[in-house]
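Here is the naming used below: chain letters follow the sequence lines, and residue numbers restart at 1 for every chain. Keep in mind the model is a prediction, meaning the values are calculated, not measured.
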Amino acid sequence: MNENHAAPSHFIRQLIQADLDANRHPQGITTRFPPEPNGYLHIGHAKSICLNFGIAREFSGRCFLRFDDTNPDRESPEFVSAIKQDVQWLGFDWEDRLRHASDYFEQLYGFAVELIKAGHAFVCDLSAEEIRTTRGTLTTPGSNSPFRDRSAEENLDLFSRMRDGEFAEGSRVLRAKIDMSSPNIHLRDPALYRIRYQTHHNTGDQWCIYPMYDFTHPLSDAIEGVTHSLCTLEFEDNRALYDWVLEHVSAPARPYQTEFSRLSLEYTVVSKRLLTALVSQQVVSGWDDPRMPTLSGMRRRGFPPEAIVDFCGRIGVTRNQQNVELSVLENCVREALDPSVPRAFSVLRPLKVVIENYPDDQEEHFVAQNHPNDASLGERHVPFCRELFIEQDDFMENPPGKFFRLAPGREVRLRYAYLVTCTDVIHDENGNVAEVRCTYDPETRGGNAPDGRKVKGTIHWVSAKHAQDATVRLYEPLFNDPEPKFSSEDNLADILNPNSCVTIEQAKIEPSLVSAKPGACFQFERLGYFCVDPTSTEVTPVFNRAVSLRDTWQRVKNQ
RNA sequence: UGGGGUGUAGCCAAGUGGUAAGGCACCGGAUUUUGAUUCCGGCAUUCCCAGGUUCGAAUCCUGGCACCCCAGCCA
């Protein structure tokens with residue numbers, strides 16, 4: 001992590017500091033993270049979690065985890081428990097501050113009654129369609145509902161009968177009475193309650209009217225004593241309504257909303273609708289598919305939570321449109337993993353090497369460091385014999401100038417083992433390289449030549465006799481376009497990267513890797529960071545590549 | 001063409017009238033039994049544009065331009 005860097009000073013931090021300096025919050029500050037339980041949390045939510053929980057921690061305040069569950073049509077307990085798990089995984093603790101907006105339904109109803117009594121809300125019998133057409137447009141004002149001037153008594157009666165289930169779904173709504181000609185469309189008599197005969201995951205069949213977001217949110221904030229209600233920029237226009245609600249009922253506190261820009265990450269999409277589509281159309285294996293930008297996907301991919309928290313700190317909090325390059329996240333993952341993760345050998349695309357002058361029945365083992373820069377991670381033994389596997393990429397018959405791996409007549413170091421020289425190449429019937437023959441120099445045990453000759457190339461390897469097969473999955477971005485655009489009519493296949501997941505069924509792994517437990521992470525030397533998948537077994541180990549190593553050769557080769 | 005926002009390097013981002021931090025990326029170079037890591041060095045005479053105020057402007061004023069959000073009984 002970046003303890004060396006001072007916490008960046010963003011505008012919300014400054015705002016809170018100024019409020020504290022002015023002694024506006026003698027009881028301390030309170031924030032909340034308010035997800036709707038209608039999907040899994042993604043990297044965009046992580047930004048909000050780090051902001052809300054982080055700022056509370058930093059200023060010795062409190063942060064609520066509040067499920068914003070006012071729409072029973074799309075919410076479920078599965079999502080509730082997944083969200084809780086993800087928040088904890090990131091390292092945040094809501095202690096005794098777990099809430100649901102639905103916990104407040106009765107109080108909310110009371111506030112609605114207050115509004116009606118004061119003449120600030122009315123029951124409207126217009127259909128959804130009629131409301132839409134009378135709302136006006138961006139440039140023209142709307143017109144008043146014919147039901148706008150009902151008496152408070154009639155409204156009270158109607159609203160209570162709405163609650164009692166006397167009316168059909170969609171037949172009536174409770175609306176705020178504000179201003180149908182407001183240039184801010186959110187103020188054109190917005191709906192506050194709608195009728196929905198749907199079992200709610202928390203309140204069951206207790207209610208058939210459900211409050212809307214714009215009514216619920218400010219009041220939930222007030223009930224919890226939230227001082228700083230932080231949300232994303234698309235709610236900016238809603239702020240006028242947020243304030244209106246708080247100013248027209250006897251709210252127990254006066255919270256204020258501040259908006260920041262939402263995160264978008266190159267090559268990924270954080271729209272719940274599209275993520276849901278990817279899952280339901282089985283483009284991915286589930287919400288926790290390692291290609292998903294969900295927290296559960298990134299966890300399965302092998303991203304440590306500290307990397308995500310670090311990332312959220314690095315990108316900052318502003319009101320600018322934020323489109324962050326993938327390399328920032330990848331760098332955070334590498335930086336989190338590199339110092340702590342043990343190294344191991346694995347060959348993804350095996351090429352057989354026979355050491356011609358190494359006795360057929362001989363075996364030995366070499367001591368390998370688990371971490372080149374940290375002896376405390378210990379060492380392990382790696383077996384060696386006459387037949388090995390090396391990476392196909394590490395051999396070229398006609399190499400370009402800068403290539404310093406194995407080639408006919410060239411000498412390379414087998415890491416921790418011997419220097420070997422390629423003496424012959426055997427081709428299959430199609431002319432492809434099928435096997436490479438080498439000789440080894442017995443004087444170079446461990447990898448150094450007594451005569452001091454320099455060998456530029458060092459490659460990894462695995463003993464053919466001792467290696468085990470494993471499944472290895474390599475990932476690329478799910479989308480082709482750095483800024484994926486989509487609409488519901490789009491054929492997903494057209495925008496998806498066909499190589500987003502490449503599965504290698506018969507990678508060769510060194511013996512020490514066989515018993516690795518799900519969740520364990522390793523650096524496969526020269527290949528990247530790999531994490532054991534939850535489905536892995538000793539019979540069929542499964543590794544996911546979290547991220548590759550930085551690869552200068554790839555760049556040299558491509559130029 | 002209504003309302004609300006935002007413009008600082010390829011991508012993020014500090015900067016709050018005193019002469020452009022930092023990260024990522026990129027480009028060198030050193031060390032290296034991972035073409036990794038680490039280390040050193042480079043990378044905005046200029047802050048969307050044009051005027052103006054000022055000894056002095058990314059910061060203040062005026063006028064443009066570009067982009068984003070809003071017309072769910074979603075959140």
Problem set entry | Under 5.5 Å and under 30°: Tyr213(A) stacked on A75(B) |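 Whether judged by distance or by angle, Tyr213(A) falls short somewhere, so it does not stack on the base of A75(B).
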Exercise. Among residues 178-187 of chain A, which residues get a heavy atom nearer than 4.0 Å to RNA chain B?
Worked result: Pro183(A), Ile185(A), His186(A)
Exercise. Listed in order of residue number, which residues of residues 411-420 of chain A have a non-hydrogen atom at under 4.0 Å from RNA chain B?
Worked result: Arg413(A), Arg415(A), Tyr416(A)
Problem set entry | Identified side-chain hydrogen bond (donor to acceptor under 3.5 Å, both in side chains) partner of Tyr40(A) from the options Glu78(A), Lys272(A), His45(A) |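 That would be Glu78(A).
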Seminar exercise, completed: Taking G72(B), G15(B), C70(B) as options, the one with an atom nearest any side-chain atom of Leu138(A) is C70(B)
Problem set entry | Options A75(B), U37(B), G5(B), nucleotide nearest the side-chain atoms of Asp338(A) |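 Between A75(B), U37(B), G5(B), the one nearest the side chain of Asp338(A) would be U37(B).
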Exercise. Counting only side-chain N and O atoms of Arg555(A), is one of them less than 4.0 Å from OP1 or OP2 of A25(B)?
Worked result: no
Exercise. Can you tell me which stems RNA chain B forms when a stem means 3 or more consecutive Watson-Crick or G-U pairs under 3.5 Å?
Worked result: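 Counting only runs of 3 or more consecutive pairs, the stems involving RNA chain B are B:2-7 with B:65-70, B:10-12 with B:22-24, B:26-30 with B:38-42, B:48-52 with B:60-64.
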For this session: List in chain and number order the residues that pass ring-ring contact (aromatic ring centres under 6.0 Å, His included) with Tyr529(A), two or more places apart in sequence or in another chain; answer none if no residue qualifies.
Result: none
Table of protein N/O atoms under 3.5 Å from nucleotides 18-20 of chain B N/O atoms:
none

Seminar exercise, completed: Its contact letters, B for base, S for sugar-phosphate only and - for none at protein heavy atoms under 4.0 Å, make nucleotides 7-12 of chain B read S--BSS
For this session: Considering only atom P, compute the distance from C12(B) to C69(B) and round it to an integer number of Å.
Result: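 C12(B) and C69(B) have their P atoms separated by 15 Å.
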